[in-house]
Structures are given as structure tokens and as C-alpha cells.
Q: 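Please read through the structure below; I'll follow up with questions.
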There are 2 protein chains.
Amino acid sequence: MARTSYTLEDVARAAGVSPSTVSRVINGTARVRPGKLKAVLEAIERLGYQPNLMAKGLAQGKSLTVGVMVQEIASPFYGEMIKGIEQGFDGTLYHPVFSTGHWRAEQEREALRVLSARQIDALIVLDGLVSEEYLLGLARKMPLVLFGRRVRGLEHNTLLVDNLQGAYLGTRHLVELGHTQIVHIAGPAFHLDAKSRLEGYRKALEEAGIPFEPERVIEGDYVEPSGMLAVESLLARRIPFTAIFAANDQMAYGARLALYRRGIRVPEDVSLVGFDDLPGSSYMTPPLTTVRQPTLELGREAARAVLLMLEGQPYEPPLFNTRLIVRESTAMLRHSRVALPGRWS
Amino acid sequence: MARTSYTLEDVARAAGVSPSTVSRVINGTARVRPGKLKAVLEAIERLGYQPNLMAKGLAQGKSLTVGVMVQEIASPFYGEMIKGIEQGFDGTLYHPVFSTGHWRAEQEREALRVLSARQIDALIVLDGLVSEEYLLGLARKMPLVLFGRRVRGLEHNTLLVDNLQGAYLGTRHLVELGHTQIVHIAGPAFHLDAKSRLEGYRKALEEAGIPFEPERVIEGDYVEPSGMLAVESLLARRIPFTAIFAANDQMAYGARLALYRRGIRVPEDVSLVGFDDLPGSSYMTPPLTTVRQPTLELGREAARAVLLMLEGQPYEPPLFNTRLIVRESTAMLRHSRVALPGRWS
DNA sequence: TTGTACGCGTTATCAC
DNA sequence: GTGATAACGCGTACAA
């Protein structure tokens, strides 16, 4: 295993100039005589020289690396965001480095520790439970972009989605189809999004003059099994319903399976609405009506925000809107098929 | 923004020792007098000192970073592998850094370039089209672990899954249920896995005395829409079938939707088998019978292999087995319901 | 056992 | 314009 790669000095020697000149050519830091410029460029080409980013980082006190703390790397939702973040850094000198928190404050801190040891220049935090003080402390040290949390003092670093409006749209869609017995499978109570979506559901009901009943809200944890359990619980408690609004698509998938197991048809017997519009939702059987959240764009915007902050430019985060995607899991309520608890349990 | 973090020298000063002693304490490079050791440890603790990995890397010619070239970061399949890789490096000093190739040789090279600029110490390559020579060249420079490809000379760096056997199991399952009109939605021909799975399908048919008919094989591209198109093409050409073996779960999802659209029931009219056992497959309607590939374990093993190679230890890759997961998308063939092309098109 | 001095590959600050 | 020279923060011979 000979020398693994060339150094700036090698290039300088090959081009017959000083290392500083080579550096200047590479970074465009200063003008150099055309002749030398050409010689340097050729030498770089010929040797296949690649700058060592660690050395560059050491010298400049930068790492050209942006840390991303994500909760789960293999979830369809975060997957899209990660993809967006990657795209956002594409073509720049910066590169994202990921670390996972698994929704546990302790692991999140560990993840952040790992990232900071790598001298990240900026940080993107997707959801999580780590304390606000901790985040505020980080924000003092480097550009920080937050998603899914609201922290006082970090308003300008936070990407917001109008979850309340989205949930309102989803629920109103069911109301417009004639449904009145609409249950809600909510997300975890400590989750900001979940709270907003519950509010949106409530708002749509109230607007339609349908009484809000707490027993019609089941709290899940944003993954499939909880959606399934929610439906089973509803059925076991003989709570009648003709429509379900799930706080995210994954729980809607779970709910859909529970209904299938009981022979309850979607959408003939029960209409189902999700939230997120995951890539798989258009392939659910039947394709899922859901509230689209611009996940990919959110990731791209997070990267864009970081890049701007890194340049010292001001950043004003936009409010992201959601939109209803009507597919085939929702249908007009037909009275002959209203859910009869007795029939299902 | 004051000084962002402490240096080894700060710790040395605080502990009243020399920087080298601090270094020795941190790396356990040599024994130090208990008194000083204690002082150093306390200083580290008190200052909250964290070593600068870039400087460390520069000094040792290592980056403690492992590059991972993956084709798609937001796919359920690669998502699981990435998760496994992350888990595999957890608790070690190494950290994975990802870059995506999108199944395009040019982008793959770019991704590899980006990674090598970061001085990665080792590389994990998941699938792809970049030339064998290129991979061989990389393997000469650093530990390399390959998945999804076979390259002469890199046999000991390659993680292999017995795809042929898996496809055989999936197809045989259909045969055992009485099916004889079994179509295959294959993966891209240039894909090694796809070829093996096609062979497995063929082997199971031949073993059962069922003639292999090329027109019953439709080539897809491993994503949902192609599975949908495959079924539509079959139907349009009035090729009768009572069972589908899809080369991966994502295409099975697409096929399932096409069947739903035509009112063809699964499994009553057509049985469906996939491959991979993605996290979502147990929530398909009906839950998908599929051939499980130990994706998470593969990721973990890739990390383990890299770690061993990094230590200069010999590595002998195991052959990963698949196993059939029978769920509800397959059923005994009932003659009264054999697919009648006339009825469906 | 411990400290000093140097080098890792690059950029930044000087003079020239 | 250009080239020495000194950092950047750490590991590591070497000397003590």
C-alpha cells in the first residue's frame, strides 16, 4: 500500500510553483499568472490530486460537515427528509453526517456528542426530546435548524408545517362525505405535531357541529402496530364509527389491517384518512387518502437554511402548507352501511 | 462566539502535565502515574473536553470514518441495511458516512469521490454499476465490503445472500399450493440478485414438471409502478395466471394494486409472493407472503467485516440464508376460481 | 514515567 | 503575483 494520495506539496513540485500558489488556484483566493495557473491545473489533473478535507478542516477550523440528528434512519418519513437533506447539500462542499436518537433524550445527547466530536459546522435536528436548554446551547455555538419542535428563542431556526390546518382538511373531508362518527388515532401526546393534528380534528368537528368525544380519540405512537391496536380497542369497546382519521400514514396502515382482519371494508364500511403521504400510501389497498406533508422539500429547505446561515446570511423560515390528497380509502357515507358495533365484534 | 471547545493543551495546562501525557491517558498508549492520571481525568471531566477528530485523523492518517455508497437512501430496503450498518458501528470510534449513487455509474463515481475526499478509512458498497476495475482499485487502497455484486478477486469482501434458493422457496410454496400458472415479475436483468431469483423461480418450476415459459416473465425495475405495469401487461396479453412471484416486495405492492383495480382478489383469485420482507409487508392487505432476506443483519455484518479488516484480521464472509414467511397473500388453488383471462380484461 | 519537538496537509499572514 | 512561515490540534519518536 504505497502513498494513498497526493498532497498539495506534490502538486506544487510537479507544477514548479509553491504550495501557496496551488492553494490559491484551488480556492480562487487570489489571482495567479495565467502560465502558472495552467501548470497547476495540469498537475492537478495529471496526478488526480484531491484535497484532504481533514487538513483543510483543521486549518480553517471548519469541517465542511453538517450533523443531522434524526430519530430513526429507517423510517419512511425520515427517509424522505434525509433524502431531501442530501439533495440540498448536493453540489456544495458540505456533506451531511447522520446520527440517530431513537426518541430517547439520552441517546440523542450521545448522538449529538458523536457529531460534535466530528467538528460539525452546523446542525439539523429532526424532532426529539433533548432539553430546550441543550438546543439553545448548541445554537449558540453553530447554525442550527430545527424541525418538529418549538423552542423559545429558536423561532428563526425552526421549520414549521401547518399541522393543525392539515388535520382540519383531512377531517373536514370526512365530514363533507357525510360522516359524523369519526374517530381519531392520535400521535404521542408529547409530540408537538400530534397535538396540532388532534386540534385540527377537533376544529373540523366543532365547525360541523359534531360533538367532540374524548373516547373517540385513541393515542398511538406513530407506528403501525398502534394503529392496529387502536381499531381493536375501538371495536372491543363497541364504539361505533364510520370513519377514521389517523395522525399519520403508518398508523393508518395498521388500522387498515385491523379492519381487514375483521372483514370491515374500506371505504365501503369505513373511510380512512392518513397524514404524511408516505411513498407507500398510493400503493395501499385501497390507495390511501391522506394529508400530504412536503417531506422532501422540508429536507431540502433544512439544508438550504443551514447553508445560508453558514454564510452569515439572515434566514426567515417559511410556513409549510399541507394539502389533501384524495384517493380511494374514503367514500360517501351510505346509511345502509353505517357501522354497527354489534356486527363487528 | 468564544472558543468553541477545549484542546488537549488546555487540559494539560489544567492538569499540570504535558500534552503528551494527556494524549497517553486518552488513548491508553502508555502508563502514567496514578496521581497525574487522576488529575488529567478530572481536568477532562471538568472542562468537558472532547478530542478533535479532524486533528486526530490528520495526525494518524486516519479519519475514523467509513464511507457507505448506497443507491437510494430513502428506500425501505436500503433503509434497513443502513440501519444495520449504523448499529454495527455503534459504540466504536468509527462512524459511517453515506453517499448515494442512484444506480448510475457516473453518480456512483462522484459519490465515491466525495467520500474519498473525506479520507474514509474503509468503504462499504451496496450494489451499483461502477466498473469492477474501479472497485478493485479501491480495494487496494482500503478495506472494502461489497454487497449485491460479484467481483473476481473480491470474493472475501463480498456479502452474499442465497437469492436462488430464496426464489426457489417462494415459487415452490406456490407450487405446493397447487398453482401451475405462475408468472414472475423479475428485477432488472443487469442486477445480479434479479438473475438469481429468476433462476430460482425456474428451478422450482422445472422440479415440479411445469414448463418454463418466457412470456410469463415480465421484467420490472424493483419499484412499485413496474409491478403494476407488469400485471397490466399480463392481463392485456391475456396470459392466464393464478399466482405471481415478484422478485421483490415493492413490485409485489404494485402488482397488488393492479389486481385491486381489476377487482381480482388476493389470495382468492391470485396468490402473491414477494421477496425481501420489507417492514411494510406485514401490513399489506392482505399481509404479504414473502421471502425474508436478513437485511438488518446484513448491514450489521458489513460493519463487522469492515471493523475486522481495519484491525488487519482475516475475514471470511458467511452465506446468508433466506426464509419463507407465509402470510395471507397466498392460498390453495381452487379450480372454481382459476384465472380466466376473459373475465379480467 | 514524562516532556520536547516535529509532522500530518492545508490555509492565512506576512514579506518580497 | 508569489513564496516562505506559522498556525490548526493531535500523535509519537526521541530524549531525559
Side-chain angles (χ1 to χ4, degrees), chain A residues 1-41 43-44 47-65 93-94 116-121, chain B residues 1-41 43-44 47-65 93 116-121 141:
Chain A
M1 207 190 284
R3 122 88 105 308
T4 203
S5 59
Y6 293 97
T7 72
L8 200 152
E9 209 181 322
D10 295 328
V11 176
R13 202 171 313 130
V17 301
S18 77
S20 346
T21 300
V22 178
S23 172
R24 287 190 260 262
V25 169
I26 293 175
N27 302 300
T29 315
R31 314 188 38 163
V32 304
R33 205 177 303 284
K36 300 206 171 189
L37 190 144
K38 183 152 168 279
V40 170
L41 256 24
I44 289 178
L47 299 181
Y49 166 74
Q50 284 210 342
N52 180 329
L53 288 189
M54 306 204 76
K56 187 181 189 122
L58 224 212
Q60 309 191 128
K62 294 165 170 270
S63 63
L64 299 179
T65 290
L93 276 181
Y94 288 87
S116 87
R118 305 213 156 243
Q119 314 299 118
I120 50 172
D121 295 337
Chain B
M1 208 190 287
R3 121 90 101 310
T4 202
S5 57
Y6 294 97
T7 71
L8 201 153
E9 207 180 324
D10 296 328
V11 176
R13 202 170 314 129
V17 300
S18 77
S20 31
T21 299
V22 178
S23 171
R24 286 190 263 263
V25 168
I26 293 175
N27 302 300
T29 313
R31 316 187 37 163
V32 304
R33 206 177 302 283
K36 301 206 171 187
L37 190 145
K38 184 152 167 279
V40 170
L41 256 24
I44 289 179
L47 299 180
Y49 166 75
Q50 284 209 342
N52 181 328
L53 287 189
M54 307 207 73
K56 188 182 189 115
L58 227 211
Q60 309 189 127
K62 294 165 170 270
S63 63
L64 299 180
T65 289
L93 277 180
S116 87
R118 305 213 156 244
Q119 313 301 118
I120 50 171
D121 294 337
K141 291 195 200 157

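Here is the naming used below: chain letters follow the sequence lines, and residue numbers restart at 1 for every chain.
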Q: Pick the closest DNA chain D nucleotide for B:Arg24 and for B:Pro51 by heavy atoms, then say which residue is nearer the 5' end.
A: B:Pro51
Q: Nearest 0.5 angstrom please: A:Leu53 CG to B:Ile120 CD1, how far?
A: 11.5 Å
Q: Between C1' on D:dC8 and NZ on A:Lys56, what's the gap in Å once rounded to a whole number?
A: 15 Å
Q: Specify the separation, in whole Å, of atom NZ of B:Lys62 and atom P of C:dC8.
A: 17 Å
Q: If you look at every strand shown and take non-hydrogen atoms under 4.0 Å, does A:Pro19 touch a base, only sugar-phosphate, or nothing?
A: nothing
Q: I need the B:Arg118 CZ to A:Thr65 OG1 distance, nearest 0.5 Å.
A: 4.0 Å
Q: Check the distance between C:dG3's P and B:Glu9's CD and give it to me in whole angstrom.
A: 13 Å
Q: In this structure, how many angstroms lie between the C1' atom of C:dT1 and the NZ atom of B:Lys36, rounded?
A: 8 Å
Q: Give the nucleotide from the list D:dT12, D:dC10, D:dT5 with an atom nearest to the side chain of A:Ser20.
A: D:dT5
Q: I need the minimum non-hydrogen distance between B:Pro19 and B:Ala12, along with the two atoms involved.
A: N-CB, 3.6 Å
Q: Quick check for you: among C:dT1, C:dT10, D:dT2, whose closest atom lies nearest to any side-chain atom of A:Ala59?
A: C:dT10
Q: Looking at every heavy atom in both A:Leu41 and A:Val25, which two are closest together, and how far apart are they?
A: CD1-CG1, 3.5 Å
Q: Is the phosphate of C:dT1, meaning OP1 or OP2, less than 4.0 Å from a side-chain N or O of B:Arg31?
A: yes
Q: How long is the line joining CG of A:Leu8 and P of D:dG3, in whole Å?
A: 12 Å
Q: May I ask you to say what A:Thr21 touches in the nucleic acid, namely base, sugar-phosphate or nothing, with a heavy-atom cut-off under 4.0 Å?
A: sugar-phosphate
Q: Whole-Å distance between C:dT1 P and B:Leu37 CG?
A: 12 Å
Q: Looking at the side chain of A:Ser18, which of D:dG3, C:dT10, C:dG3 is the nearest nucleotide?
A: D:dG3
Q: Is the phosphate of C:dT11 approached by A:Asn27 (side-chain N or O, under 4.0 Å from OP1 or OP2)?
A: yes
Q: Is there a side-chain polar atom (N or O) of B:Tyr49 under 4.0 Å from OP1 or OP2 of D:dG9?
A: no
Q: If you only use heavy atoms from C-beta on, which nucleotide in C:dT10, D:dC10, D:dT12 is closest to the side chain of B:Thr29?
A: D:dT12
Q: Is there a donor in the side chain of A:Ser23 and an acceptor in the side chain of A:Ser20, or the other way round, less than 3.5 Å apart?
A: no
Q: For A:Gln119 and D:dG9, give me the distance from atom CD to atom P, rounded to whole Å.
A: 9 Å
Q: Side-chain donor or acceptor of A:Ser23 under 3.5 Å from a matching atom on the base of C:dA12?
A: no
Q: Please report, rounded to the nearest Å, how far the P atom of C:dC6 is from the CG atom of B:Leu58.
A: 18 Å
